[in-house]
Amino acid sequence: MRDTPLLMPPMPFSSLDADLAARRAQHLFRQRTVLGSPQGAQVQVGGQMLLNFCSNDYLGLANHPDIILAAQQGAQRWGVGSGSAHLVAGHYAVHEAFEQCAANWVGKPAALSFCTGYMANLAVVTALVGRGDAVFADKLNHASLNDACQLSRADFKRFAHNDMAALERLLATSTAARKLIAVDAVFSMDGDIAPLADLLRLAEQYDAWLYLDDAHGFGVLGDGRGSMAHAGLESPRVIYMATLGKAAGVAGAFVAAEQVVIDYLINFARPYIYTTAAPPLLAEALLVSLDLIEQDGWRRERLQQQIACLRTALAGRGLMPSATPIQPLLAPDSAAALAWSATLRERGYWLAAIRPPTVPTPRLRICLSAAHEVAGVAALADEITRLLDQA
Ligand SMILES: *Cc1c(COP(=O)(O)O)cnc(C)c1O
């Protein structure tokens, strides 16, 4: 037994504790919710079944039997791990096949697949622009695009949301060697669609490249071909990115562009080069998902009916303008957004309260999915109406 008392150890993480306490006090503390069932119209949370209005499984494909079967057979055929990076020994025939199909589907000459959309954004922006170049970005772009712009070391110019006059002023005064305009095609927290025709016109006028992050448009808009098809636009100047964990119901992302751009990314995009390839079984699953995206037009029709139903029922109640399955309802403050979410959850509905710093203004983010019947959305609208009437 030692007779001197142990010194109190220093608290190495007390400053982290303080930051977290501040977040709690502002109603901004984040916690994860544990699911006990697959994605679907209903999910099991803490032993309770909840109607799921907060996933990005827009087409209801995340638990589709044909895609599950393709993944199972893919595991039999290719094993589980890819074993290596794409540039070493991890690039399989089924990766090639998927890239071809994805490129054809969005009307581009070539495509490159990625493990996640976050990595695709880091890869494209950091490969295409650097010191001496400039990237022009909407202020409401996804966090992964912002991180990509910062990491690139290019001059990072942000313009107010969808403000084409502001973008034009920035482009007109830029002396950068390479200019890249980078935007969400559908804004993830607002649900509105970027003014793609104007963006393309400015890109042409100022000889800039246009990078579109279509995480929320792919599979949903333009008969499933995404936001560019929806707008009736095509240009070799556009570098198109879609994520595959949302409407496609699987995981990953692809970038589609001119062959020279794809070749450049394979040679210079560090987040592509220095990572292990996604399991080839996922590419098998994605090939089937692409077929379903093409064939099951009823899933998009059902989404349109849901959007119309919700917007009619909640007209004048604070829905933000949106024609996509992302339908945010503005809340007076973060505490109210949290309280709404909690009350709806007691009543069996699961919706996310989205708060700063993710968004400037707190809101309830309603995410529609073809997994629901239209009647389920009508019932949700009734619940929300009751909630707002009580407030
Ligand atoms: C989800 C999302 C991403 C990231 O994609 P992951 O595949 O989930 O990494 C990128 N951009 C936008 C706009 C997104 O909503």
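First listed ligand is number 1; within each ligand, the first listed atom is number 1. Computed from a predicted structure; not experimentally measured. All residue numbers in this chain count up from 1 along the given sequence.
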Q: Name the one of Asp213, Val359, Asn141 that satisfies side chain to side chain contact (heavy atoms under 4.5 Å, CB included) with Phe187?
A: Asn141
Q: Please list, in number order, the atoms of ligand 1 under 4.0 Å from a heavy atom of Ser188.
A: 15 (O)
Q: Can you tell me which portion of Thr116 lies within the under-4.0 Å heavy-atom range of ligand 1? Options are side chain, backbone, both, or neither.
A: both
Q: Students should be able to answer this: which protein heavy-atom is nearest to atom 11 (N) of ligand 1, and at what distance?
A: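 Answer for atom 11 (N) of ligand 1: Asp213 OD2, 2.5 Å.
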Q: Any donor-acceptor pair under 3.5 Å linking the side chain of Arg302 with the backbone of Ala370?
A: yes
Q: Please identify which atoms of ligand 1 are closer than 4.0 Å to at least one heavy atom of Ala215.
A: 2 (C), 11 (N), 12 (C), 13 (C), 14 (C), 15 (O)
Q: For ligand 1, which is the ligand I care about here, please tell me if Gly117 has any N or O atom under 3.5 Å from one of the ligand's N or O atoms.
A: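 N/O-N/O distance below 3.5 Å exists for this pair.
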Q: Over 60° means perpendicular and under 30° means parallel, so classify the ring planes of His91 and His95, tilted if in between.
A: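 Aromatic pair His95/His91 classed parallel.
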Q: Salt bridge or not for Arg386 and Glu383, using N-O below 4.0 Å?
A: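 Yes.
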Q: For Asn63, I'd like to know if atom CG has over 12 heavy atoms of other residues, nucleotides or ligands within 6.0 Å.
A: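 Yes, because the 6.0 Å sphere around CG of Asn63 holds more than 12 heavy atoms from other groups.
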Q: When you measure from the heavy atoms of Gly245 to every atom of ligand 1, does any distance fall below 4.0 Å?
A: no
Q: Please state whether Met119 comes within less than 4.0 angstrom of ligand 1, counting heavy atoms only.
A: no
Q: For Arg347, does the CZ atom have more than 12 heavy-atom neighbours from other residues, nucleotides or ligands under 6.0 Å away?
A: yes
Q: Checking a contact table here: which protein heavy atom is nearest atom 14 (C) of ligand 1, and how many Å away?
A: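 Protein heavy atom with the smallest distance to atom 14 (C) of ligand 1: Lys246 NZ, 2.8 Å.
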Q: Kindly assign one of parallel, tilted or perpendicular to the pair His86 and Tyr272, based on the angle between their ring planes and the thresholds 30° and 60°.
A: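 Parallel, since the angle between the ring planes stays under 30°.
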Q: Out of all atoms in ligand 1, which are within 4.0 Å of some heavy atom of Ser144? Include the element for each.
A: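 Heavy-atom distances to Ser144 below 4.0 Å select 10 (C), 11 (N).
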Q: Starting from atom 4 (C) of ligand 1, what is the nearest protein heavy atom, named by residue and atom, and what distance separates them?
A: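 That would be Tyr118 N, 3.6 Å.
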